Amino acid sequence: MTNPIEDIEKANVILITGSNTTENHPVLSSFVKRAVTRKGAKLIVVDPRRIPIVNFASCWLRQNLGTDVAWINGMMHVIIKEGLYDEAYVESRTVGLEDLKKAVERYTPEYVEKVSGIPKEDLVAAARLYASAKAASILYAMGITQHICGTDNVKSLANLAMLCGNVGIEGGGVNPLRGQNNVQGACDMGSLPDVFTGYQRVADPALREKMAKAWGVKSLPEKPGITVMEMMDSAHEGKLKGLYIIGENPLLSDPDLKHARASLDKLDFLVVQDIFLTETARVADVVLPSTSFAEKDGTFTNTERKVQRIRKAVDPPGEAREDWKILCDLSARMGYPMNYGNVEAVMAEIREVTPSYCGINYERLEREGIHWPCPGTEHPGTPCLHVDQFSCGLGVFHAIEWVPPAEVPDQHYPLYLTTGRVLYQYHTGTMTMKSDGLNELAPECFVEISPADARKYGLGDGEKIKVSSRRGEIEAKARISDKAVDGTVFVPFHYAEGAANELTNTALDPVALIPELKVCAVRIEKV
Amino acid sequence: MKREEEAMESKNILVIDGNEYAFDPGETILEVARRNGIDIPTLCWMKRASPTGACRVCVVEVEGARNLVASCAAPAAPNMVVRTQTPAVMRARRLNIELLLASGQHNCLVQDLDMDSWTDSQLRSMETKEHHDLCPAYGDCRLQELAIKYQVRGCRFAPLDVRHEIETVNPFIVRDLSRCILCGRCVQACNEIQVNNAISFGYRGTRAKIVAKGDRALKDSDCVFCGECVQACPVGALVLTQDMDGNGRVKGETKLVRTTCSYCGVGCQMYLHVRKGRIVRVTGVEGVGPNHGSLCVKGRFGYHFVHDPERLKTPLIRENGTFREATWEEALTVVAEKLNRIKKADGPDAIAVLASARITNEENYVAQKFTRAVIGTNNVDHCARL
Ligand code: SF4
Ligand code: SF4
Ligand code: SF4
Ligand code: FES
């Protein structure tokens with residue numbers, strides 16, 4: 001997030017898109033709801049599903065799946081045409097307005113209505129509302145990024161925010177809500193194929209040299225590595241031979257599970273390090289038992305870039321060991337001893353090689369976390385990014401064109417499928433499904449379908465149906481709900497039984513290489 | 001002392017117990033007092049919600065006012081003269097506490113015994129196994145605490161005969177509204193803090209009761225089981241199912257460990273309550289961000305996986321298609337050999353590491369360092385994109 005969570009309550013207008021906030025980030029959603037009910041903020045929700053936060057919205061736009069760039073361009077079209085943008089801000093802090101103007105020229109409310117299904121009056125009203133705010137905050141999640149055009153979607157939102165002078169101010173910002181607890185931290189720490197910690201590029205010889213020196217090795221590989229989706233493909237082609245998976249369960253979370261299974265099958269050697277024998281661990285050659293968050297010390301970095309402590313509360317079961325210790329032991333066996341006395345020593349090294357974490361140590365984190373960038377131990381941290389200027393100088397507007405999703409309904413697969421989570425379960429369910437109460441509240445997979453579509457297919461609530469796509473099929477009970485929009489069904493991806501990702505598409509965003517989990521074409525039938 | 005200077009100029013000064021204090025416009029008497037270390041007891045007041053003035057335990061004397069004033073709801077005013085410890089104040093607080101105790105089934109020992117023997121008996125009962133005869137909030141009840149502090153003993157008022165059936169059909173939460181003192185904290189927590197709008201005051205007069213929509217069980221209402229109301233309830237009216245096992249939630253036996261929630265990216269700050277090596281309860285940490293005490297259903301109740309019998313306890317090695325248990329020595333040797341062999345035969349780029357958004361920063365750091373410095377490839381990623 002560019003802004004801290006607390007800032008949400010300081011916004012006059014909040015725009016939420018691609019985020020089922022109350023179910024996926026419940027405590028954060030209460031900031032939104034308080035802003036609306038107690039601070040008089042106005043909420044715009046752009047989401048095809050009637051998600052619970054819609055109850056608090058003064059403006060709800062229901063776009064067709066995969067048409068985000070179109071409506072965002074449409075809003076900017078209106079804002080520019082009516083002269084509602086923040087001229088002073090755009091003048092002093094950004095470049096590329098002319099390109100943007102040209103690009104959004106043809107996204108008239110009429111055209112956008114045709115593409116996105118959003119009534120033109122509603123689009124105009126939302127645009128005016130957003131532009132009228134002194135401070136407007138944009139919140140988004142996987143519903144924006146898990147598309148072939150995910151990167152474009154994000155850039156478009158940034159365009160919109162900059163156009164109205166909402167980046168770098170209190171209560172504003174473009175704020176991605178991270179789905180998993182330490183996504184931010186995993187990225188910050190360089191668990192990415194092209195960067196070391198703090199987004200330092202591996203392609204930069206000076207940075208490589210610096211890291212090699214710090215780590216006491218002669219040289220470090222120069223070529224950026226492959227991403228998780230490429231790993232699967234590369235394994236499938238027989239190029240990747242060995243895979244070491246730590247705490248992830250791709251055999252439930254990856255799109256097109258048939259392909260994922262076949263890929264892992266082809267590996268010569270698969271190690272899985274986890275706390276449970278997950279679907280993925282079951283096909284491993286070696287399984288290493290690791291510890292849960294309650295059994296170790298360390299830090300997580302949350303979605304607002306706040307580095308916070310976790311602390312050991314109980315002993316691990318049996319011989320389970322901490323992930324870092326396992327890796328250090330293994331490393332020693334492979335001829336490179338890593339001798340850290342404890343995790344604090346690891347943090348000390350992180351601090352040395354990572355400018356943005358430079359001022360962070362456990363002593364400072366004792367009572368409360370710190371937002372990076374934190375360039376020194378005297379520095380208070382940076383809750384709000386880009387205050388005086390963008391980290392790269394001027395903010396750049398990107399001219400972006402809308403492209404349709406990779407797969408659209410046709411006569412064989414006439415419905416859209418979108419996937420997501422429910423409040424009472426988490427990700428692939430390995431953790432939440434161990435609590436009886438949570439299972440009682442969300443026991444099994446379902447296919448959410450609109451009342452009109454249910455009538456069309458002659459379905460009753462709770463009736464078992466088969467959903468199939470070009471890649472696979474699942475069976476689950478129909479849940480007739482006015483949350484769903486006509487023509488689109490929703491399936492949560494937590495459940496191994498009725499795994500939504502048997503159906504989803506691996507088509508990738510060309511830049512971020514994120515698969516299009518949020519849209520594919522399916523058909524349904526009674527069983 | 002910027003506040004003091006500004007206050008002097010604008011005359012935003014009041015007197016509490018003989019001393020002058022500056023205040024910001026809009027601050028209540030209670031807030032000014034607390035900020036300056038003056039103790040005023042409260043029961044219904046909640047930090048992040050608007051005051052309701054329901055319990056009147058926080059009353060103080062204000063010069064010129066005809067009645068005692070609820071300090072949690074009364075704004076500070078220039079030249080106000082406040083007294084927090086007068087006999088009238090003490091009497092009123094004691095009376096209010098007594099009335100609250102008498103308003104429901106507060107059958108904890110506090111009603112019948114004097115101070116010393118109460119303490120003795122508390123100690124004695126903690127040694128016995130008969131905890132289940134006590135209120136499950138025993139030892140962790142704000143009303144009980146206040147009753148002791150203000151030496152409210154016997155029961156001058158016969159307890160009202162309010163009997164609501166105890167509601168045990170919900171997951172996680174038991175509602176025993178016979179112990180409810182109608183302080184309204186749960187309603188504030190649900191409606192003003194979490195804004196789930198699931199519960200409200202229902203009925204009137206002696207039938208008054210906190211109800212979920214249509215006076216139904218929580219599980220059939222809009223409740224999303226965030227548990228904020230349970231954390232807010234000062235007595236034993238809202239308790240966790242897990243605390244109904246007779247062990248109560250007596251303080252002292254449990255160790256509190258502060259940590260960060262391991263589910264979504266909000267990163268709520270929480271206490272794990274650990275008893276005999278097991279997590280028995282989770283509460284939100286008040287007073288710090290990002291959550292200021294709030295949690296959601298997953299953070300508060302989704303901890304059972306930690307002690308699940310299916311947790312992996314030893315390394316496993318696949319042999320002839322099935323797993324066998326192995327020692328660390330064996331398992332690590334196999335992994336090291338295999339990885340070395342692939343590295344030699346097909347080059348480091350034939351190996352990849354999938355680190356994780358679930359493990360710590362330190363562990364991710366070690367994982368990518370292992371991949372780059374030991375294996376010699378940049379093939380490291382995690383599942384953030386999924
Ligand atoms: S658990 Fe949460 S939603 Fe349910 S009544 Fe309590 S505060 Fe409201
Ligand atoms: S249930 Fe608890 S918090 Fe709610 S009104 Fe009754 S005593 Fe107060
Ligand atoms: S308590 Fe809920 S909202 Fe908070 S971090 Fe955990 S899962 Fe997220
Ligand atoms: S705390 Fe002030 S009236 Fe209850």
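In what follows, chains are A, B, ... by sequence order, proteins preceding strands, each numbered from 1. The shown structure was predicted, so the numbers you read here are calculated from the model rather than taken from an experiment.
- With a 4.5 angstrom heavy-atom cutoff, B/Asp222 does not touch chain A via any of its atoms.
- Look at A/Arg333 and B/Glu329 and you find a salt bridge, because one of the NZ, NE, NH1 or NH2 atoms lies within 4.0 Å of a carboxylate O, short of that distance.
- Ranked by heavy-atom pairs under 4.5 Å with chain B, the list A/Ile326, A/Leu177, A/Val307 is led by A/Ile326.
- The structure places OG1 of B/Thr333 at 13.5 Å from NZ of B/Lys338, a figure rounded to the nearest 0.5 Å.
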Using side-chain contact (heavy atoms from CB on, under 4.5 Å), reason through A/Asn302 and A/Gln184 one step at a time and then give a plain yes or no.
CA-CA 6 Å; A/Asn302 79 352; A/Gln184 185 68 54; over 6 Å; no
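- Contact annotation for B/Leu295: only backbone heavy atoms (N, CA, C, O) come within less than 4.5 Å of a heavy atom of chain A.
- Exactly one residue among B/Arg48, B/Gln231, B/Gln269 makes a side-chain hydrogen bond (donor to acceptor under 3.5 Å, both in side chains) with B/Ser294. That residue is B/Arg48.
- Considering only heavy-atom pairs separated by less than 4.5 Å from chain B, the leading option among A/Phe276, A/Tyr244, A/Trp324, A/Phe56 is A/Phe276.
- With a 4.5 angstrom heavy-atom cutoff, B/Val274 touches chain A only via side-chain atoms.
- Using a 4.5 Å cut-off between heavy atoms, A/Lys296 contacts chain B through its side chain alone, with no backbone atom that close.
- When each of B/Arg278, B/Arg341, B/Glu337, B/Gln368 is checked for heavy-atom pairs under 4.5 Å with chain A, B/Gln368 comes out on top.
- Using a 4.5 Å cut-off between heavy atoms, B/Val285 does not touch chain A at all.
- Both the backbone and the side chain of A/Met334 come within contact range of chain B, each with at least one heavy atom under 4.5 Å from a heavy atom of that chain.
- Looking at A/Glu440, only its side chain comes within 4.5 Å of chain B, counting heavy atoms on both sides.
- Using a distance-only test at 3.5 Å, with no hydrogens or angles considered, no donor-acceptor pair links the side chain of B/Arg324 to the main chain of B/Ile317.
- Note that CG of A/Asp274 is 8.5 Å distant from CG of A/Asp323, once rounded to the nearest 0.5 Å.
- For a residue to count as touching a neighbouring chain, one of its non-hydrogen atoms must lie under 4.5 Å from one of that chain's; by this rule B/Thr377 touches chain A with the backbone only.
- Neither the backbone nor the side chain of B/Cys226 comes within less than 4.5 Å of any heavy atom of chain A.
- A/Arg421 CZ to A/Tyr426 OH: the interatomic distance, rounded to the nearest 0.5 Å, is 5.5 Å.
- Contacts of A/Leu441 with chain B are made by side-chain atoms alone, with heavy-atom separations under 4.5 Å and no backbone atom involved.
- When the candidates A/Met433, A/Glu319, A/Met431 are compared by the number of heavy-atom contacts under 4.5 Å with chain B, A/Met431 comes out ahead.
- Heavy-atom distances place both the backbone and the side chain of A/Glu322 under 4.5 Å from chain B.
- Both the backbone and the side chain of A/Val343 come within contact range of chain B, with heavy atoms under 4.5 Å apart.
- With a threshold of 4.5 angstrom between heavy atoms, A/Val36 does not approach chain B through any atom at all.
- Using a cut-off of 4.0 Å between Lys/Arg side-chain N and Asp/Glu carboxylate O, B/Lys369 and A/Glu349 are scored as salt-bridged.
- Both the backbone and the side chain of B/Val195 come within contact range of chain A, each with at least one heavy atom under 4.5 Å from a heavy atom of that chain.
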Applying side-chain hydrogen bond (donor to acceptor under 3.5 Å, both in side chains), run through A/Asn249 and A/Thr280 and close with a yes or a no.
CA-CA 5 Å; A/Asn249 188 10; A/Thr280 310; 2.6 Å; yes
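- B/Asp346 touches chain A through its side chain: at least one heavy atom from C-beta onward sits under 4.5 Å away, while N, CA, C and O do not.
- Neither the backbone nor the side chain of A/Val32 has a heavy atom closer than 4.5 Å to any heavy atom of chain B.
- In terms of heavy-atom pairs under 4.5 Å with chain A, the best-connected choice from B/Leu272, B/Ile359, B/Ile375 is B/Ile359.
- Around the NZ atom of A/Lys239, the shell of radius 6.0 Å holds no more than 12 heavy atoms that belong to other residues, nucleotides or ligands.
- Only the side chain of A/Thr37 comes within contact range of chain B, judged by heavy atoms closer than 4.5 Å.
- Among B/Lys219, B/Arg311, B/Lys313, the residue making the largest number of heavy-atom pairs under 4.5 Å with chain A is B/Arg311.
- How far CD1 of B/Ile193 is from CZ of B/Arg185: 8.5 Å, rounded to the nearest 0.5 Å.
- Between the side chains of B/Gln194 and A/Ser30, not a single donor N or O lies within less than 3.5 Å of an accepting N or O.
- Ion pairing between a basic and an acidic side chain is recognised when a charged N comes within 4.0 Å of a carboxylate O; A/Asp297 and A/Arg309 show such pairing.
- Of the residues considered (B/Thr371, B/Asp349, B/Thr314), B/Thr314 shows the highest number of contacts with chain A, using heavy-atom pairs under 4.5 Å.
- Between chain B and the residues A/Met347, A/Met231, A/Arg38, the most heavy-atom pairs under 4.5 angstrom are made by A/Arg38.
- Residue A/Ala212: no heavy atom, backbone or side chain, is found under 4.5 Å from chain B.
- Of the atoms belonging to A/Glu23, it is backbone heavy atoms, and not side-chain ones, that fall under 4.5 Å from chain B.
- Ring geometry, A/Phe493 versus A/His427: the interplanar angle exceeds 60°, so the pair is classed perpendicular (tilted spans 30 to 60°).
- Counting heavy-atom pairs closer than 4.5 Å to chain A, the top-ranked of the candidates B/Asn170, B/Asn340, B/Ile351, B/Leu332 is B/Leu332.
- For chain B, the option among A/Asp285, A/Asn24, A/Ile5, A/Thr430 with the highest count of heavy-atom pairs below 4.5 Å is A/Asp285.
- Both the backbone and the side chain of B/Phe370 come within contact range of chain A, judged by heavy atoms closer than 4.5 Å.
- For A/Ser290, the part sitting under 4.5 Å from any heavy atom of chain B is the backbone (N, CA, C, O) and nothing else.
- With a 4.5 Å cut-off on non-hydrogen atoms, A/Pro317 touches chain B through its backbone and its side chain both.
- Residue B/Phe323 touches chain A through its side chain alone, counting heavy-atom pairs closer than 4.5 Å.
- Between the CG atom of A/Asp329 and the CH2 atom of B/Trp328 there is a distance of 8.0 Å, given to the nearest 0.5 Å.
- With a threshold of 4.5 angstrom between heavy atoms, A/Val286 approaches chain B through its backbone and through its side chain.
- Other residues, nucleotides and ligands contribute at most 12 non-hydrogen atoms within 6.0 Å of the CD atom of B/Glu325.
- Within a 6.0 Å sphere centred on CD of A/Glu222, other residues, nucleotides and ligands contribute 12 heavy atoms or fewer.
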Evaluation steps, side-chain hydrogen bond (donor to acceptor under 3.5 Å, both in side chains), between A/Asp194 and B/Asn378:
CA-CA 7 Å; A/Asp194 55 342; B/Asn378 282 311; over 6 Å; no
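- Ranked by heavy-atom pairs under 4.5 Å with chain A, the first of B/Leu256, B/Val257, B/Asn191, B/Asn291 is B/Val257.
- Between B/Arg281 atom CZ and B/Tyr303 atom OH the span is 8.5 Å, to the nearest 0.5 Å.
- With respect to chain B, the highest number of heavy-atom pairs below 4.5 Å among A/Arg178, A/Glu6, A/Lys33 belongs to A/Lys33.
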